[in-house]
There are 2 protein chains.
Amino acid sequence: MTPPAATAPQAARAATGNATAGNAREKILATAFRLFYAQGFRAAGIDTIIAESGVAKATFYKYFPAKDELILAYLEKVDAVWTGQLHAAAEAAGDEPAAQLVGLFDALTTACRRDGYRGCAFINAAAESPAGTRVHDRTVAHKQQVLAWIRDLAGRAGARDPDQLARSLTLLLDGGLASGVLDGSPDAASAARSTAAQLVAASLKTPPAPGGNP
Amino acid sequence: MTPPAATAPQAARAATGNATAGNAREKILATAFRLFYAQGFRAAGIDTIIAESGVAKATFYKYFPAKDELILAYLEKVDAVWTGQLHAAAEAAGDEPAAQLVGLFDALTTACRRDGYRGCAFINAAAESPAGTRVHDRTVAHKQQVLAWIRDLAGRAGARDPDQLARSLTLLLDGGLASGVLDGSPDAASAARSTAAQLVAASLKTPPAPGGNP
DNA sequence: AGACTACCAGACAGATCTGTCTACGGACAG
DNA sequence: CTGTCCGTAGACAGATCTGTCTGGTAGTCT
């Protein structure tokens, strides 16, 4: 797994040659990661983030000229982490693409079990920012990346209709992410996994009836 | 200093024939319904709601002693509206429970197509309020009501495992609600419907393998 | 030594948000 | 006529949030 190279590791470091430069930035980002996810980024104020990361206000505004920049950086980090977990879960299921399509749902199970789980950070982010904003656009981009990856897996698995299968699986994934917090019972994730297994299996069979669709 | 589109209070009262104290309450709730859904209830301020509903501040606080009360009333209204749409879509599909299980997804399609669609109001609400709050609890209750209704339909349809089928379908429904805004393409809803049809059909067939399944 | 860099501490301005409170007016029953 | 209910209009307090700005400390490079 490779961390996304496109995620803003400030060229200032290379410019100054200072190895410790940007240490404060990481602390801020780590705190934001925690607070934004736990409370939403409208409820988590700059002052709180600054206080909890033990950083001066001027330092904060040096790295993140506006709160929006921090939110975007947060989403970038969430994307990297969640994508990494999805890929890891898929690979843990073996080399067969079909098995990986099911295995990736183990990342959902793990996420739902985690303490303080509050659903999909991107869905939550989109709920807090209207369409057309950069935050919203970043969310759309993330979802499309995941969809494209699953579609690729479905194609390599030999699915009858990779597009359709990928869409069904992302629906299950998003549904599990969204309702994992809401459904009182914790088995939404395992239900998503078994449903995914059923869909994958059905999509790999040869078409039974070429007849019309009611 | 002229309020935009000033709604003459006397005229409005005369139009409705007065007689109903609490006319202002409905106006407030209607405005909140619109603004809360469009912006989230953290971004939509009391002052804006008061101004846009053409109501005095004291009147607002008479009916809703705190913003939380308005949010709860809003969720109550959303619950009634969305549940009504789900039931209507199901009934429009005929009398057969199996057909209704698929037909209810037409409510999702309609919702996604609606202008200004911003996903599930409850999921968005939960994203803005931490677990343990009344808002969050109301969201959980709503989701469980929907789940119970679908489970009942699945049972009457003669599904092999009504619990499992209901859970799969709610996952698809929530996934469609959540990603209907995010997926660039608008066909998430129709994909959810066709996947639901597939799952319902598979669940009605006689069990192929009676082998013990953990 | 001087310059530069990274950082801390915190006051401050300006906006915004929730909720309270005063002042006023029309409708209607007793 | 008077009291009560419903409503408008808007000032106000107090909290909070974003973003700026000043001043001070420590390490590093030349």
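Chain naming here is simple, since letters A, B, ... match the order of the sequence lines and numbering starts at 1 in each.
- Straight-line distance from the CG atom of B:Leu70 to the P atom of C:dG19: 11 Å, rounded to whole Å.
- Rounded to whole Å, atom C1' of C:dA6 lies 12 Å from atom CD1 of A:Ile28.
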List, one per line, each side-chain donor-acceptor pair under 3.5 Å for residues 96-109 of chain B, sequence neighbours excluded.
{"unit_1": "B:Gln100", "atom_1": "NE2", "unit_2": "B:Gly94", "atom_2": "O", "d": "2.8"}
{"unit_1": "B:Asp106", "atom_1": "OD1", "unit_2": "B:Arg193", "atom_2": "NE", "d": "2.7"}
{"unit_1": "B:Asp106", "atom_1": "OD2", "unit_2": "B:Arg193", "atom_2": "NH2", "d": "3.4"}
{"unit_1": "B:Thr109", "atom_1": "OG1", "unit_2": "B:Phe105", "atom_2": "O", "d": "3.3"}

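- Listed by first and then second residue, the salt bridge (Lys or Arg N to Asp or Glu O under 4.0 Å) pairs that reach into residues 108-121 of chain B come to none, sequence neighbours excluded.
- When rounded to the nearest whole Å, the span between CZ of A:Phe60 and P of D:dT18 equals 8 Å.
- B:Asp47 is linked by a side-chain hydrogen bond (donor to acceptor under 3.5 Å, both in side chains) to B:Lys57, counting only residues two or more places apart in sequence or in another chain.
- Pairs passing the ring-ring contact (aromatic ring centres under 6.0 Å, His included) check and including a residue from residues 38-58 of chain A, sequence neighbours excluded, read A:Phe36-A:Phe41.
- Checking D:dA9, C:dG19, D:dG19 against every side-chain atom of B:Lys67, the shortest atom distance belongs to C:dG19.
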Given side-chain contact (heavy atoms from CB on, under 4.5 Å), test A:Ile28 with A:Ile50 step by step and report yes or no. CA-CA 7 Å; A:Ile28 295 166; A:Ile50 287 173; over 6 Å; no
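- Take B:Asp152 and apply the side-chain hydrogen bond (donor to acceptor under 3.5 Å, both in side chains) test, not counting sequence neighbours, and it matches B:Arg156.
- If you take CD of A:Glu69 and P of D:dG19, they are 10 Å apart, rounded to a whole angstrom.
- For the pair A:Lys62 NZ and C:dC4 C1', the interatomic distance rounds to 11 Å; values are reported in whole Å.
- Between B:Thr59 and D:dT8, a side-chain N or O to OP1/OP2 separation shorter than 4.0 Å is present.
- Proximity of residues 33-50 of chain B to DNA chain C (heavy atom under 4.0 angstrom from any strand atom) is restricted to B:Gly45, B:Ile46, B:Asp47.
- Listed pair A:Tyr63 / C:dC7 meets the phosphate criterion, a side-chain N or O lying under 4.0 Å from OP1 or OP2.
- Applying the salt bridge (Lys or Arg N to Asp or Glu O under 4.0 Å) definition to pairs two or more places apart or across chains, those involving residues 134-150 of chain B are B:Glu69-B:Arg134, B:Glu76-B:Arg138, B:Asp79-B:Arg138, B:Lys143-B:Asp174.
- Looking at residues two or more places apart in sequence or on another chain, you find no side-chain hydrogen bond (donor to acceptor under 3.5 Å, both in side chains) involving A:Arg42.
- Residue B:Leu169 forms a side chain to side chain contact (heavy atoms under 4.5 Å, CB included) with just one option from B:Ile150, B:Leu153, B:Val146, and that option is B:Ile150.
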Short N/O separations, protein against nucleotides 20-22 of chain D, under 3.5 angstrom:
none

